[in-house]
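Everything quoted here is computed from the prediction, not taken from an experiment.
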Amino acid sequence: MLGLRNNGGSRLHRGVAELADGLLQGRLDRREFLRSVSWLGVSAASASAFAASVLGAKEASAAVETPKRGGSLRFASVIQELSDPSTVAWIESSNLFRNSLEFLTRVDADNVTHPYLAESWEPSEDLKTWRFKLRQGITWSDGVPFTSADVAYTIKRWIAPDSKSSNKTSFASVQDVEIVGPHEVVLHLSRPMLALPQMLFAYTCPILPRDFDATGANWPKHPVGTGPYTMTHFAVGQGASFKRRADYWGTAPYLDEIHFIDLGADISAQVAALAAGQVDILYKLSIEQVDLVKRIPNAVLLTGSSAQTLCLRMQVDQKPFDDIRIRRAVQLSANNKQMLDLAYRGQGTVSQNDHVSPIQPEYFALPPMQRDVAQARALLKEAGYPDGIDIKLVLGNTQGRYEQDTAQVLQQNCREAGIRIALDVLPATEYWPIWNKVPFGVTYWAHRPLAVMTLDLAYRSGAAWNETHFNSPAFDAALDHASAILDPHERSKAMQAVEQILRDNAVMVQPYFPAPFTATAKNVHGYKLNPADYFDLFTVWLS
Amino acid sequence: MARRWGVRLAEIVGVMLAVSCIVYLMLEVNADEVAVKVLGQFSTPEQRHLWLHENGYERPFLLRYLGWLWHFLWGDWGMSTHYREPVIDILPARLAHTGILACATLVVMIPASFLLGILAGMREGSLADRAISVFCILTTSVPEFASAVFLAAIFVFWLGLLPGASTMTEGFSLREIVLPVLVLALYATGYLARIVRASMVEVMTSAYVRTALMKGASPSRIVLRHALRNALIAPVTVIMLQVPWLLSGVIVTEVFFAYKGFGTLLYEAALNSDVAMIEACAMVSVVVVVATQLLSDLLYAWLNPRMRRAERPAPQGAGV
């Protein structure tokens, strides 16, 4: 079919024809087409060429400077413990091991899935059996060859009964991992999972060596990986260093060394370090620092769009939020646009309390929610609080001061309806241990390329990170239905039910999707702001 | 004399024991909470139970405390849950970093405040006295978190002269320590200079200085030979009081400049509920406070001959 072929050269999935048709008829745009066929195992290069031939567009070849090899880069980031890479709760930790540990697939900043340790994959027609062919000739940094045993070991570890990994929920449908050959595994699923290849790049999914548990289950102590760098130093709260491996199987990255430096939780120290040329890249900037960075002569400000967000969520089984009228009253009182404008200077997109971002491929635009203070008051009265109600909102400013500012706007909004919110602001590290335990709290949710990935983790009944204790068979069914549809537009239509059920249950105020910011020194090239904060430094070079 | 110091030592040991008991009581009286902190919020009740059993938490509180104290005395300070390393491997290096910061601060602060204090106190009410007093009150009334921002704005962002973070990742750097030292010294110098000035004023108006002056001694000889030693007594006590402050009170400055010292260690340990680390930090602080008090007593006795005479046992051998 016009040069479309699978990474492994095997037969194309039936769905590919459907998607190609969509592109030909103009129902799908280039990006939607690339993203969807890549899940089905079609090689990105052939899909790109196909799209170009159909759309008559030439692959953009931007004028680029010739990258320079060598040099050592300093990256400012919090250094958290990462004994077991499959259980880390911090994306920062994954940005460390991403230099040494690799994944089966790789998702680029445009959300297109590429082969990585798996050189090709092939789903069955019903999307329930997935065959992965692994790249040959890869060795772990301790000299042991990489085989399907490593992959099977890693995935079985996620879904084991005693697994503490959040992957246990994400991959709950994986029933078995079958080793077919030394470089081939088959995943047997209980329900169709279209986005499986993309999900395998989630930050908790690096492939570990099969003797990980046998060597003490402590990766920094025994940092064996297949990736281009080897970790040479690691100290929580201080720093970590990586050195380039000479015998890397793939394209060699430009930098010789990478040093991660922990400058503490105080972002002002990080900006000061960038201004003084002590670090080259900051992990993240908070909105308050943006103006300051603009004035630093040797710094470049980066921004983009992302599905990261704040959820001011309520637990549906805790008083008084077990009464949906109270939750709805809070949601009706909230002025989401005002929260974005005042707390985040309007830098982002207003949301409709459904936790699906317009940049996510399956987004369905629900009609906007109208603020209705009178109705909120009426609901309160009906629920037995004619004189208003006192509730407590706990937050930890885990991403910066804007969380508190957002909560304060909500506090003002709700006061109009007689809902008196008391704010309980904790230090971030004190908030993290209780983020999913407080009845009413502010949680930061990181970007995920697909909305279903977030919804699966956060709102499916009994999910690992279901912080609202939301439990709705109708929602679960709708989510299953949407997850199994191949055509992005059809999937988006199926998402209407998912988003509507979630919003109607008023489990949270999810006001806006803030734009991410970060900054680098002027001599850093090839660094892209990843919407998910999954940074790899393989294409970065220093001038 | 020996008996007096014996009592003093006993007091010190008593204080340390009392503090260790309070620290242990506050952090470990609820064994289940300790298990949650060590194993994390996602641990299962069985895991916690097993951990409590393995670590002897079913024993009575007093026995647990004594066991902990015994281990502590022998250098077994437990495992840090946040840093995933034995506490004893981390704490001494961090303490040394803060020691460097504290020494550098003292090296700047003592000469500066003595110079200012003596200049101001030599002639009370002079122009120099008033100018110095205004300066001292100004610097002492600006807290460290404000002066840190202020100095960083000038030297890092505006002039671009100094580094903004003092992590010392590539070993000790003199440039990186300038700003934290400046912040700390600025805050403490004013206060110490005021004390030196007050002492100086008192001594300079005393009868024996007047006598020396009438005898025809030169002003420099009077200040250096006669007045200074007597004027030192109060400031030395104040300096000794600053030492514990330089150890644990510098948290704000250390965190602001990301200086990896004892202050940031305690701060991070507290934020991450790192029980063993908090206990060790608290114990180290107590030792430092008590040791500086002891040192200050010794210095005081050396500087003030009246103290030594008073300490001599009475002929009947009664009392201390």
Side chain, backbone, both or neither of A:I296 within contact of chain B (heavy atoms, under 4.5 Å): side chain

Test of ring centre spacing under 6.0 Å for A:Y283 and A:F260: no

A:F234-A:W219 aromatic ring centre distance below 6.0 Å: no

Interface residues of residues 81-93 of chain B facing chain A - heavy atom cut-off under 4.5 Å: B:H82, B:Y83, B:R84

Any side-chain donor near an acceptor of the partner, A:S286 and A:Q399, under 3.5 Å: no

Option in A:A276, A:G277, A:P427, A:S268 with maximal non-hydrogen atom pairs under 4.5 Å from chain B: A:A276

Selection residues 253-281 of chain B - residue pairs positive for salt bridge (charged side-chain N to carboxylate O under 4.0 Å, His left out), sequence neighbours left out: A:D262-B:K260

Part of B:R175 lying under 4.5 Å from any heavy atom of chain A: neither

A:Q270 versus chain B, the contacting section by heavy-atom distance below 4.5 Å: neither

A:T87, part contacting chain B, at a heavy-atom distance under 4.5 Å: neither

Part of A:V279 lying under 4.5 Å from any heavy atom of chain B: neither

Side chain / backbone / both / neither for A:L292 at chain B, heavy atoms under 4.5 Å: side chain

Test ring-ring contact (aromatic ring centres under 6.0 Å, His included) applied to A:F517 - qualifying residues, sequence neighbours left out: none

Under 3.5 Å donor-acceptor, A:Q278 side chain and B:A165 backbone: yes

Chain A contact via B:L162 - side chain, backbone, both or neither, heavy atoms under 4.5 Å: backbone

Could you pull out every donor-acceptor pair under 3.5 Å between side chains of residues 145-156 of chain B and any protein atom, sequence neighbours left out?
residue: B:S147; atom: OG; partner: B:P143; partner atom: O; Å: 3.4
residue: B:S147; atom: OG; partner: B:E144; partner atom: O; Å: 3.2

N/O donor-acceptor pair under 3.5 Å between B:S166 side chain and B:E176 backbone: yes

Within the 6.0 Å centroid threshold, strictly below: B:W77 and B:W68: no

Geometric class of the B:Y187/B:W245 ring pair [parallel <30°, tilted 30-60°, perpendicular >60°]: tilted

